[in-house]
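Position 1 is the first residue of the sequence, and the numbers go up from there.
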Amino acid sequence: MGIYSGMVPAMHDSPLSVLCAEQHGDWMRVVEVSEGVCRSHHMTREQALRYYRQPIQRIIYADDVNRVKMTVRYAFEHLGEQTHFECRRPRTRGTGEADDAKGSWKWIFGTVAASVGPSGKTLAHIILTDTTKETTQMRANRDAVENMDQQVLDILDAICTAVFWKDKERRFLGANKAFLDYYGFPSESVIIGKTDEEMGWHKDNDPYWQDELRVLQTGKRTQRVLGQCMSHGEMRDIVASKSPIYDKDRHIVGLAGTFEDVTVDRRQHRKILELNEQLKASLDSLEKANQSERMFFANISHDMRTPMNAVLGFADLALRETRADKMRPYLQKIRQSGEILLSLINDTLDISRLANGKKKLELVTVDTQHFCDSLISTIKENAESKGVIFRVDLDFGPIGAFRLDPVRLNKILMNLLSNAVKFTPKGQFVTLSGHVTKRLNTKQVWVEFQVRDTGIGMTQEFLPKMYNAFEQEHPTENGTGIGLAIVKGLVQLFHGAISCESEVGKGTCFTVGIPVETASKPAEPKKEEGTYEETILQDARVLLCEDNALNQEIASTMLNMYGVHVDTADDGKQGVEAIERSPKGFYDAILMDIRMPVMDGLAASRAIRALPRADAAWVPIVALSANAFPEDQKRSRDAGMNAHLTKPLDIKQICKTLKQLITKYRHRFPKQDAGEGEPS
């Protein structure tokens with residue numbers, strides 16, 4: 001009939017006891033039986049069919065009915081999967097079957113698998129094996145064992161370790177309770193007379209077969225052989241140990257073994273290894289970070305000492321010189337070295353803030369035609385002084401304005417262009433180009449800038465390292481080695497991308513792409529009529545709160561050069577008292593240091609704003625501080641200050657700020673309305 005499609009031979013030729021059944025309610029209806037069934041029951045095919053179509057309670061012992069039903073139902077629900085059952089059935093009286101053994105029950109071991117037959121019906125194929133003899137033998141063996149010392153049996157079943165014993169053909173002869181419980185077997189009958197391969201519980205039989213063969217052939221023990229076995233629906237890790245069993249003549253007649261489940265231990269071990277690897281990786285990362293930090297500070301120290309050495313050295317030479325014409329070059333070099341030192345400090349702060357994730361974009365609306373004018377002017381001047389030809393090709397089409405952070409974008413382009421000019425020989429070219437390459441959405445476009453030069457180029461070995469802080473392929477006197485690291489960090493801050501192509505002797509091309517929001521073109525700023533703002537510093541009076549005598553002298557002298565009268569206070573408390581003593585509107589502005597003894601600049605600013613006089617709420621207060629971070633600027637604003645300028649002092653920036661703030665202040669408090677006379 002070909003029903004079994006390769007599982008077993010054709011039904012009528014099969015020597016096995018095989019049933020073929022279809023699902024019927026919560027049981028089944030047998031539709032075909034093999035010759036093996038007919039022979040084992042001494043029945044014809046029709047008799048066998050009638051026998052197996054009886055209610056299940058008539059052909060299976062009552063205590064076994066539910067277990068067999070569940071097994072068959074499972075097979076119908078899980079097509080192609082084999083499952084097993086063990087049961088008892090009554091002997092078929094009057095057929096001769098009762099004459100071949102004693103007792104009224106036969107023990108049957110069944111294997112069930114369901115599949116879809118050629119007709120499209122789902123059929124269960126049941127292979128029945130008569131295990132009565134084995135069971136009877138097992139009982140006989142148990143009877144024999146019962147004659148042994150009962151204490152030995154108690155010990156075996158009391159041992160938590162699984163224990164088993166086999167004959168010389170590696171067939172199971174018995175096992176203790178721990179063994180049976182581990183596999184969930186109700187009795188030894190499931191394993192008696194079978195090998196590991198027949199039980200099919202090992203993922204890989206080879207380790208067990210090899211070590212058992214070694215025990216049976218050589219008589220040597222095996223210790224804790226690692227393997228895996230199926231237990232309660234999952235593959236578990238075990239270790240097995242085995243020893244030979246001898247007869248009275250010292251011939252090997254079998255083996256005994258034990259095994260332990262080490263799944264939890266091995267999982268914990270693997271977890272420990274994983275944690276060790278993670279810890280090692282963390283320690284390696286920490287060590288690299290520490291090494292990078294040590295290298296960072298070593299390089300910073302080195303690069304700061306170089307311009308500082310020039311400052312001190314040329315200052316010493318200037319002090320020794322009496323002629324002004326010879327002293328001037330020394331002073332110029334002192335200023336140049338100071339500018340290099342200031343640039344290094346600013347770059348170091350940028351690197352620190354980028355690494356800590358504290359730097360944020362400050363978006364403003366800029367005109368696409370002019371937002372790079374200052375940058376272009378500076379680079380053009382540097383290029384012309386060196387004889388390098390600088391070309392610009394910026395074309396953003398019809399877009400009139402971008403909303404972006406022009407300071408950070410100019411920082412990116414300034415670093416790239418400065419390097420390009422620095423490493424491009426006289427007569428060669430540096431080109432800045434910028435274009436909109438695509439539209440990202442209704443509000444954003446992708447803008448790409450290219451800085452291309454025909455300079456000395458970089459080696460392919462250096463390219464992967466060029467964004468590392470302090471990496472320089474061609475060190476220069478005025479190079480810090482952190483410019484490209486800042487560029488990389490700022491590009492990431494823009495959520496942009498940067499790439500580089502370079503060839504030694506032919507030049508370098510950096511491409512920077514950033515997403516930019518489009519905006520309406522900003523209105524042209526209105527120009528103030530007249531020259532009032534230009535002349536407002538003449539005879540203006542400023543209160544300078546500064547505890548450092550040198551800084552007092554520098555600021556006072558610089559402001560005096562622009563016609564500003566300067567009064568000084570050595571700390572914030574003295575500054576507040578000076579305002580309290582002065583007539584209304586006497587001071588046009590206050591320059592306030594932050595870190596001072598007695599009362600700091602923030603506390604002093606709050607105290608001035610709280611004074612019960614009209615001008616105290618409006619007089620311009622400008623912070624002059626070495627604290628350069630945005631959060632420092634915010635603290636100044638929160639304390640009531642109008643602006644925050646950083647040291648070292650830039651007199652042009654100070655004057656520009658004072659002009660703007662005093663102009664607004666004088667519109668509210670005209671000079672003629674201010675109190676007359678000096679402060680008392």
Donor-acceptor pair, [X] side chain versus [Y] backbone, under 3.5 Å?
{"X": "Arg609", "Y": "Gly640", "result": "yes"}
{"X": "Asp405", "Y": "Leu361", "result": "no"}
{"X": "Ser582", "Y": "Ile579", "result": "yes"}
{"X": "Lys386", "Y": "Val421", "result": "yes"}
{"X": "Ser418", "Y": "Asn415", "result": "no"}
{"X": "Thr511", "Y": "Ser499", "result": "no"}
{"X": "Glu546", "Y": "Asn548", "result": "yes"}
{"X": "Lys411", "Y": "Val487", "result": "no"}
{"X": "Thr557", "Y": "Glu553", "result": "yes"}
{"X": "Thr368", "Y": "Ile399", "result": "yes"}

Is any side-chain heavy atom of [X] less than 4.5 Å from a side-chain heavy atom of [Y]?
{"X": "Arg391", "Y": "Phe429", "value": "yes"}
{"X": "Leu484", "Y": "Asn419", "value": "yes"}
{"X": "Val516", "Y": "Phe494", "value": "no"}
{"X": "Asp453", "Y": "Val451", "value": "no"}
{"X": "Leu611", "Y": "Glu580", "value": "yes"}
{"X": "Ile590", "Y": "Val542", "value": "no"}
{"X": "Pro620", "Y": "Leu658", "value": "no"}
{"X": "His644", "Y": "Asp632", "value": "yes"}

Over all atoms of both residues, closest heavy-atom pair of [X] and [Y]:
{"X": "Tyr587", "Y": "Val619", "value": "O-CG2, 3.7 Å"}
{"X": "Met592", "Y": "Ala604", "value": "CE-CB, 3.8 Å"}
{"X": "Ala616", "Y": "Ile608", "value": "CB-O, 3.1 Å"}
{"X": "Cys500", "Y": "Met466", "value": "CB-CE, 3.3 Å"}
{"X": "Gln444", "Y": "Pro515", "value": "NE2-CB, 4.2 Å"}
{"X": "Met599", "Y": "Lys573", "value": "CB-N, 3.6 Å"}

Tell me, yes or no, whether the heavy-atom count around Glu381 atom CD, taken from other residues, nucleotides or ligands under 6.0 Å, exceeds 12.
-> no
Atom CZ of Arg439: over 12 foreign heavy atoms under 6.0 Å | yes
Check ion pair Asp650-Lys652 (N to O, under 4.0 angstrom) | no
Evaluation steps, side-chain contact (heavy atoms from CB on, under 4.5 Å), between Asp593 and Asp547 | CA-CA 8 Å; Asp593 185 25; Asp547 65 306; 3.2 Å; yes
Look up atom [atom1] in [X] and atom [atom2] in [Y], then write down how far apart they are to the nearest 0.5 Å.
{"X": "Tyr562", "Y": "Gln538", "atom1": "OH", "atom2": "CD", "result": "11.0 Å"}
{"X": "Lys664", "Y": "Trp618", "atom1": "NZ", "atom2": "CH2", "result": "11.5 Å"}
{"X": "Arg320", "Y": "Lys326", "atom1": "CZ", "atom2": "NZ", "result": "14.5 Å"}
{"X": "Ile594", "Y": "Ser625", "atom1": "CD1", "atom2": "OG", "result": "5.0 Å"}
{"X": "Gln653", "Y": "Thr646", "atom1": "CD", "atom2": "OG1", "result": "8.5 Å"}
{"X": "Ile376", "Y": "Phe371", "atom1": "CD1", "atom2": "CZ", "result": "8.5 Å"}

Start with the C-alpha gap between Asn410 and Cys372, add the side-chain angles, then the distance that decides, and say whether side-chain contact (heavy atoms from CB on, under 4.5 Å) holds.
-> CA-CA 7 Å; Asn410 277 297; Cys372 286; 4.3 Å; yes
Mind checking whether Phe396 and Phe402 have parallel, tilted or perpendicular rings, split at 30° and 60°?
-> perpendicular
Check the pair Thr424, Ile456 against side-chain contact (heavy atoms from CB on, under 4.5 Å), reporting the backbone distance first and the verdict last.
-> CA-CA 6 Å; Thr424 299; Ile456 62 176; over 6 Å; no
Any cation-pi pair here, Lys380 with Phe390, using under 6.0 Å and within 45°?
-> no
Worked verdict on Asp600 versus Arg595 for salt bridge (charged side-chain N to carboxylate O under 4.0 Å, His left out) | CA-CA 5 Å; Asp600 63 43; Arg595 296 188 181 184; over 6 Å; no
Test log, rule side-chain contact (heavy atoms from CB on, under 4.5 Å), inputs Ile536 and Thr663 = CA-CA 7 Å; Ile536 198 168; Thr663 299; 3.7 Å; yes
Test salt bridge (charged side-chain N to carboxylate O under 4.0 Å, His left out) on Arg635 and Glu631 and set out the steps.
-> CA-CA 6 Å; Arg635 280 194 286 268; Glu631 53 263 35; 5.6 Å; no
How about Gln450 and Asp393: does a side-chain donor come under 3.5 Å of a side-chain acceptor?
-> no
For the side chain to side chain contact (heavy atoms under 4.5 Å, CB included) test, which of Val447, Leu375, Leu404 pairs with Leu409?
-> Leu404
